[in-house]
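Every chain is numbered from 1, with letters handed out A, B, ... down the list of sequences.
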There are 2 protein chains.
Amino acid sequence: MAKMIDVARLAGVSVATVSRVLAGSAHVSRETREKVLRAMADLDYKPNLLARNLRKMESKTIVVVIPDISNPFFSDVIRGIQHVAKEHGYHVLLGDTQNDVDAEWDFIEMIKERAADGVILVTARTSPEKIMEMAQEVPLVMACEYIQGAELPMVTIDNVISAKRVVDHLAALGHRRIGFIAGPLHVIISRDRLQGFVLGLREHGLEQDSSLIVEGDFSIPSGYDQAVRLLQLPEPPTAIFASNDEMAIGAVKAVKQMGLKVPQDVAVVGFDDIPMATVIEPALTTICQPKFEIGKKAMEILLQLIQQSNRSHGHLKLPEKLIVRDSCGGRLKG
Amino acid sequence: MAKMIDVARLAGVSVATVSRVLAGSAHVSRETREKVLRAMADLDYKPNLLARNLRKMESKTIVVVIPDISNPFFSDVIRGIQHVAKEHGYHVLLGDTQNDVDAEWDFIEMIKERAADGVILVTARTSPEKIMEMAQEVPLVMACEYIQGAELPMVTIDNVISAKRVVDHLAALGHRRIGFIAGPLHVIISRDRLQGFVLGLREHGLEQDSSLIVEGDFSIPSGYDQAVRLLQLPEPPTAIFASNDEMAIGAVKAVKQMGLKVPQDVAVVGFDDIPMATVIEPALTTICQPKFEIGKKAMEILLQLIQQSNRSHGHLKLPEKLIVRDSCGGRLKG
DNA sequence: CAAATAGGTGTAATCGATTTCAAAGGAGTC
DNA sequence: GACTCCTTTGAAATCGATTACACCTATTTG
């Protein structure tokens with residue numbers, strides 16, 4: 001493998017000049033530049049990034065920490081991140097934690113070893129305090145998840161408003177008793193969605209029956225189980241709003257299994273708009289997070305952070321979209 | 001950030017000794033080792049990987065090139081790769097090509113820049129010749145996809161045998177007219193599955209009607225369209241075997257839309273066993289590739305390749321599994 | 001015409017680790 | 001006591017780029 005000094009010798013110049021040509025910048029005469037470029041081509045020269053990285057003390061790599069790549073929700077976020085990363089010559093290291101807190105921490109530590117220049121957290125199992133502390137020392141951006149009141153860059157949607165919009169929609173369709181399957185309530189976005197739900201009920205003057213609010217764990221089976229609980233109430237709801245699409249899919253299964261029809265007997269709404277939402281029957285009405293955009297934005301902010309570490313960024317909220325499909329009858333009736 | 005020389009000074013030894021302690025190896029007295037370890041702890045010393053990598057001329061990083069991370073099929077493969085990578089101190093760089101041939105090539109080139117020590121291709125849009133040529137120069141393993149007759153390490157299942165097993169199953173259930181939706185036939189694994197299908201027909205003495213063989217592009221809509229074509233034949237098949245789960249899901253939709261029932265009127269079988277296969281109704285009978293295992297094995301072979309580049313590896317075929325669910329009635333009848 | 005300025009280039013230091021080579025010290029052997 | 005051998009340690013070279021600094025030439029300016 002040819003190195004810079006070989007190019008320099010062949011072109012009859014010094015390594016400094018070769019480096020200058022490589023950097024594109026600075027003062028190099030057209031003549032010299034061409035000589036050097038020809039020599040590089042002749043030798044099929046590729047700069048050694050290991051050497052460059054050491055000298056510049058950067059890795060041109062960022063880590064994306066996600067709880068589970070199998071979850072389709074994250075792939076679009078990653079694509080958004082990679083899109084911007086590529087444009088700026090950055091590589092993306094995959095930090096799949098498999099929901100393991102220690103693994104999460106290991107990936108963040110990589111920055112201290114200079115294996116990465118920054119990190120995007122698309123999860124937050126580690127304690128908020130530790131994350132906030134870490135954000136002081138290394139370029140760190142949170143995406144999708146966030147920490148309440150934290151002074152670090154975060155890119156999400158407004159989960160409260162989004163959930164409220166779902167209630168608006170259901171209320172407009174004439175639903176008065178709406179069941180809510182919350183996500184695990186120790187997660188902030190679950191609490192936000194619950195809050196938006198309650199806010200919506202209040203605003204539309206709908207019943208606030210605490211037996212209509214149940215808690216799942218974001219999985220399909222838990223959606224199924226909790227929907228069964230709701231449907232077995234003495235006065236079952238006419239609509240079920242699940243805090244993510246997986247649980248909504250479970251809920252649809254439960255409704256069907258009890259001999260009822262979606263959306264005629266029970267309307268179902270999800271949250272996130274994963275690919276499966278369009279495949280199941282009926283296709284799921286849901287909130288679509290701008291996943292790709294979130295990834296892009298998070299990466300853009302991270303780049304700013306890497307370039308000048310003092311810039312202050314707060315909580316950025318991107319607009320979500322209500323996607324009306326077939327599972328709550330909105331498209332048919334309205 | 002403390003560096004090695006700081007540790008050395010604090011411990012009253014030379015950097016060589018610190019490095020030896022770090023490497024864990026060699027001859028260092030217990031006393032000295034403890035002094036050094038204490039100094040490292042006191043200073044919260046983290047070795048600078050950039051420097052180490054340059055000196056050792058390795059990046060401890062591998063690239064996984066995949067056509068599209070949104071495709072759930074790949075996430076398990078990646079998880080398998082990462083599992084082994086992590087055990088051996090390697091990082092995994094994400095090479096999502098978005099089905100772009102040039103991007104595929106860019107990622108492979110990263111090895112020449114020493115940004116990665118090896119590459120696992122979970123796709124193969126680039127020409128076979130170029131890949132084989134590249135495999136001479138850099139550690140490269142193919143997973144899931146392969147090149148016929150190539151002398152490079154490849155980890156896949158046996159697509160011919162797998163497809164034949166599906167026909168075995170359908171024949172055992174009494175089906176005589178079986179429709180086949182092939183994948184794009186310029187892809188080798190599509191041709192293999194077709195070959196296995198034909199082999200199965202022949203072995204069981206079933207009709208070989210060329211109008212029963214159609215070609216899709218692995219997408220849900222194409223599965224739908226091709227299934228419609230099959231069902232509109234004067235003598236429609238009683239079973240449809242799609243070359244992947246997405247197309248099978250499209251086929252199920254088509255069957256339902258034509259007022260027929262799965263599996264009573266038409267049995268449907270898929271291939272790959274993606275997560276969605278268990279969610280749709282009826283749950284899909286399909287071939288389950290050992291995705292995680294494929295990833296693990298591919299990474300293990302890559303590590304051997306990196307450590308001693310001369311070892312010769314051929315085409316490794318891992319066992320697949322036929323997963324019988326509800327979409328072909330096998331579970332109910334048999 | 002001398003001085004200042006700017007462009008173009010080379011020399012050598014530098015990034016922070018690993019590793020070769022040599023040497024010091026101690027134990028064991030005859 | 002002289003020799004070898006082994007363990008432990010340090011000094012210095014090394015990996016391949018980037019870049020601060022110095023230098024030379026040519027042009028502009030007062």
Select from B:K56 and B:A16 the residue whose nearest nucleotide in DNA chain D is closer to the 5' end of that strand. B:A16

Interatomic distance, B:T123 atom OG1 to B:I120 atom CD1 [nearest 0.5 angstrom]: 13.5 Å

Length of the CG-P vector between B:L49 and C:dA17, whole Å: 10 Å

What is the distance, rounded to the nearest whole Å, between atom CG of A:L54 and atom C1' of D:dG16? 9 Å

Using a distance-only criterion (donor-acceptor N/O pair, under 3.5 Å, no hydrogens), is the base of D:dT14 paired with the side chain of B:R55? yes

Could you state the NZ-P distance from A:K35 to C:dG8, rounded to the nearest angstrom? 13 Å

Distance check needed: D:dA17 P versus A:D6 CG, whole Å only. 9 Å

d(CD, B:E31; P, D:dT9) in whole Å: 8 Å

For A:Q304 and A:H313, does a side-chain donor sit closer than 3.5 Å to a side-chain acceptor? yes

Check this one for me: any side-chain N or O of A:S29 less than 4.0 Å away from OP1 or OP2 of C:dT9? yes

Whole angstrom is fine here: how far is it from CD in B:E34 over to P in D:dT8? 13 Å

B:G12 or B:M57, whichever maps to the more 5' nucleotide of DNA chain D: B:G12

Taking OP1 and OP2 of C:dG16, is either one under 4.0 Å from a side-chain nitrogen or oxygen of B:K3? yes

What contact category does A:V18 fall into here, base, sugar-phosphate, or nothing, at under 4.0 angstrom with non-hydrogen atoms? nothing

How long is the gap from OG1 on A:T97 to CZ on A:F107, to the nearest 0.5 Å? 7.5 Å

Indicate yes or no: does A:K130 engage A:E133 in a salt bridge with an N to O separation below 4.0 Å. no

Could you give the CD1-to-P distance, from B:I5 to C:dT18, as a whole number of Å? 14 Å

Side chain of B:N48: nearest nucleotide among D:dT9, D:dG10, C:dG16? C:dG16

May I have the distance from A:R20 (atom CZ) to D:dA17 (atom P), rounded to whole angstrom? 15 Å

Could you tell me whether A:S19 contacts a base, only the sugar-phosphate backbone, or nothing, with contacts defined as non-hydrogen atoms closer than 4.0 Å? base

Selected nucleotide, minimal atom distance to A:A51 side chain, candidates D:dT9, D:dA12, D:dA17: D:dA17

Would you kindly compare B:Y45 and A:T17 by the position of their nearest DNA chain C nucleotide and give the one closer to the 5′ end? A:T17

Between the CG atom in B:D158 and the CG atom in B:L318, the distance rounded to the nearest 0.5 Å is 11.0 Å

